[in-house]
Structure formats: structure tokens, C-alpha cells
Amino acid sequence: MSSVPLHQRIRGDIEDRIRSGEWPPGHRVPFETELMAQYGCARMTVSKAMAALVEAGLIVRRKRAGSFVARPRVHAPVLNIPDIQSAILSRGETYAFRLLSSRTRGAERGNADERELAAGGKLLALEGVHDAGGRPFALERRLISLKTAPDAASADLSATPPGAWLLEHVAWTEAESRISAVNADADVAALLDLDEGAACLVVDRRTWRAGEHVTRVRQVFPGEAYDLVARFGPGT
């Protein structure tokens, strides 16, 4: 007999399904009565497991609807980079995504980062522009590992922005963001309707799922259109 308390085993079983991607964000977790029948236990045992999953941010509860796998969150000590579509809509502007190119390819020879991302499979290479209020807001160049996210190859990423699609379909467990500043080259300036050499903010982000690479993306913003705000005090 296992020495692990049953509520911890229930929590572990559900967590494994979430972190493996078997249950993607938005997936309905079985009702407590279903789990009680599955594990042959009392409601209190199941409730304890579910409460721990809620506290860990892995599931969310909705009144009269049940429990669902939570959308992942990026945790950063002083910075929180919002989803572009949500940020634009929240300030009352119209949003659109223009997919400029999409192709499946292998990792570039000699590019160690791409080989690591591909992990022996193919990459989906995407380029697109996020528009806010009818004007370019951000240029996005993204690579998706088709070994980790094979359904991306057949998804309509012109209708749903790639980042939003990944949030809905591929659970990730770790993210890394890097912030830098560049001057727009001719290509970037043309796509963002800027003067060549204009100041831009760059966000490079990588995500993993249980150690497997999911995506690598570079987002370039006109300097005047995007800023980062952090509020903190001594000791934070």
C-alpha cells in the first residue's frame, strides 16, 4: 500500500495530466462526485486535493460549471508582460493580427538554439503584425516546435494570433523573457510604419512544457507605443 495520503495522490494524478499537456488550458476537470467514484473516497478527500490545485494556480473553479485547467501565468519579480491582444482590447482599441508568412522548415544549420527548439522535429516559422486602432503595434517573429505542438501545423493562425492559440492548446510550465532596445532596420521600419533607425522595444520570450521547448518568439514594438511599468519597494 502506498504511504502517500490519498488526497495528495489525487492532486498528483491531476497535476501530471495538466503538466504533460494531456489536459490543456480550459479542459474541464472531472466533477468531485466523479473523482469520489473513481478513487472510492469521501468528498472531503477530493475537496482537499482540489483546493491544493486551486492554490497552486493549476485549476480554476467556476460556479455551477465545475473546475477547469487554468491558463498559465508568467511570474516575474518586477515585470509582467501582458498578452498583446488583451492589452489592446482593454484600452478600448480595435485589434487585428495580420499573418504575413507561415512555413514549416527544419532548424537552420549551425543554429544551436533552433536545433534545441526543434528537438529532431520540424519548426513552424511565422511572421505577423499586431495592429491597434488600424496601425501597426508590434511585429512578431515566432518559431513553434511541431514536435511539442504538432496541431499548430494545421491551425488557422491568421484567424487566431499564434500566442493566443498556444495559450489555449498547449500547457507550458516555464517561461523566460528578455527585454532589450534596438533601432529599427529597413525591414522592421517598413512593417511597423516607422522611420529607419527609430527606437524600438524588443521582447524575446521562450516557453517550455515539462522541459520540452514549445516556442521562441521575438516581438518588436515602436518605442512610443509600448512601455514597461514596475512598482516595488525596499526588499522586493
Original post:
How far does CZ of Arg178 sit from CZ of Arg206, to the nearest 0.5 angstrom?
Top reply: 7.5 Å
Subject >> From CA spacing to verdict: side-chain contact (heavy atoms from CB on, under 4.5 Å), Gln219, Ile84 >> reply: CA-CA 10 Å; Gln219 295 165 339; Ile84 293 175; 3.7 Å; yes
Subject >> Counterpart residues, side-chain contact (heavy atoms from CB on, under 4.5 Å), relative to His27 (two or more places apart) >> reply: Trp23, Pro24, Val69
Original post:
Sequence neighbours excluded, which residues qualify as ring-ring contact (aromatic ring centres under 6.0 Å, His included) partners of Tyr39?
Top reply: none
Subject >> Where Thr94 and Gly134 come nearest, the two heavy atoms and their spacing >> reply: OG1-N, 4.0 Å
Original post:
Closest approach of Ala153 and Leu146, non-hydrogen atoms and distance?
Top reply: N-CD2, 3.8 Å
**OP:** Could you pull out all residues at least two apart from His130 that satisfy ring-ring contact (aromatic ring centres under 6.0 Å, His included)?
**Re:** Tyr95, Phe97
Subject >> Note, Phe137 side chain near Val129 side chain (heavy atom, < 4.5 Å) >> reply: no
**OP:** Measure the shortest side-chain to side-chain distance between Lys48 and Pro5 over non-hydrogen atoms and say whether it is less than 4.5 angstrom.
**Re:** no
**OP:** Name all residues meeting the side-chain hydrogen bond (donor to acceptor under 3.5 Å, both in side chains) criterion together with Glu93; count only those two or more places apart in sequence or in a different chain, and write none if there are none.
**Re:** Arg91
Original post:
Linking Ile, Leu, Val, Met, Phe, Trp and Tyr by side-chain heavy atoms under 4.5 Å, what else ends up with Leu143?
Top reply: Leu117, Leu123
Subject >> Donor-acceptor contact below 3.5 Å, side chain Lys122 vs main chain Thr104 >> reply: no
Original post:
What closest approach, in Å, do Leu194 and Pro222 show between heavy atoms, and which atom pair accounts for it?
Top reply: CD2-CB, 3.9 Å
Subject >> Any Gln85 side-chain heavy atom under 4.5 Å of Leu89 side chain >> reply: yes
Original post:
side-chain hydrogen bond (donor to acceptor under 3.5 Å, both in side chains) with Thr207: which residues, sequence neighbours excluded?
Top reply: none
**OP:** Could you pull out the closest heavy-atom pair between Ser145 and Ala118, with the gap in Å?
**Re:** OG-O, 4.1 Å
Original post:
What residues form a salt bridge (Lys or Arg N to Asp or Glu O under 4.0 Å) with Glu114, not counting sequence neighbours?
Top reply: Arg105, Arg216
**OP:** To the nearest 0.5 angstrom, please state how far the CD1 atom of Ile10 sits from the OG atom of Ser47.
**Re:** 9.5 Å
Original post:
Measuring from Leu124:CG to Leu126:CG, what's the distance to the nearest 0.5 Å?
Top reply: 4.0 Å
Original post:
Atom OG1 of Thr160 and atom NE2 of His169: how far apart are they, to the nearest 0.5 Å?
Top reply: 8.0 Å
Subject >> Heavy-atom pair with the smallest gap, counting every atom of Ile144 and Leu166 >> reply: CD1-CD1, 4.1 Å
Subject >> Results of salt bridge (Lys or Arg N to Asp or Glu O under 4.0 Å) for Glu22 - residues two or more places apart only >> reply: Arg17
Original post:
Do side-chain atoms of Thr45 reach the backbone of Cys41 as a donor and acceptor pair under 3.5 angstrom?
Top reply: no
Original post:
Got a second to check how far Glu212's CD is from Ser20's OG, nearest 0.5 Å?
Top reply: 9.5 Å
Original post:
Does the side-chain contact (heavy atoms from CB on, under 4.5 Å) test come out yes or no for Trp208 and Val214, once each step is laid out?
Top reply: CA-CA 5 Å; Trp208 293 263; Val214 177; 5.5 Å; no
Original post:
Does Val217 belong to the same Ile/Leu/Val/Met/Phe/Trp/Tyr cluster as Val182, with side-chain heavy atoms less than 4.5 Å apart forming each link?
Top reply: no
**OP:** Answer with yes or no whether the side chains of Thr173 and Arg209 bring together a donor and an acceptor at under 3.5 Å.
**Re:** no
Original post:
Who pairs with Glu15 by side-chain contact (heavy atoms from CB on, under 4.5 Å), at least two apart in sequence or on another chain?
Top reply: Arg11, Arg19, Leu53, Leu58
**OP:** Work out which heavy atom in Val203 is nearest to a heavy atom in Phe221; give both atom names and the distance.
**Re:** CG2-CE1, 3.8 Å
Subject >> Any side-chain heavy-atom pair of Val220 and Leu191 under 4.5 Å >> reply: no
**OP:** Please list, chain by chain and in numerical order, all residues satisfying side-chain contact (heavy atoms from CB on, under 4.5 Å) with Ser67, sequence neighbours excluded.
**Re:** Val29, Met50, Ile59, Arg61
**OP:** Could I get the full list of side-chain hydrogen bond (donor to acceptor under 3.5 Å, both in side chains) partners for Glu127, not counting sequence neighbours?
**Re:** Arg141
**OP:** Provide the full list of side chain to side chain donor-acceptor pair (under 3.5 Å) pairs with a residue in residues 192-204, sequence neighbours left out, each pair given once.
**Re:** Arg135-Asp193, Asp204-Arg218
Subject >> Worked verdict on Val46 versus Phe31 for side-chain contact (heavy atoms from CB on, under 4.5 Å) >> reply: CA-CA 10 Å; Val46 172; Phe31 289 114; over 6 Å; no
**OP:** Kindly say whether Val188 contributes a backbone atom to a donor-acceptor pair with the side chain of Asp185 at under 3.5 angstrom?
**Re:** yes
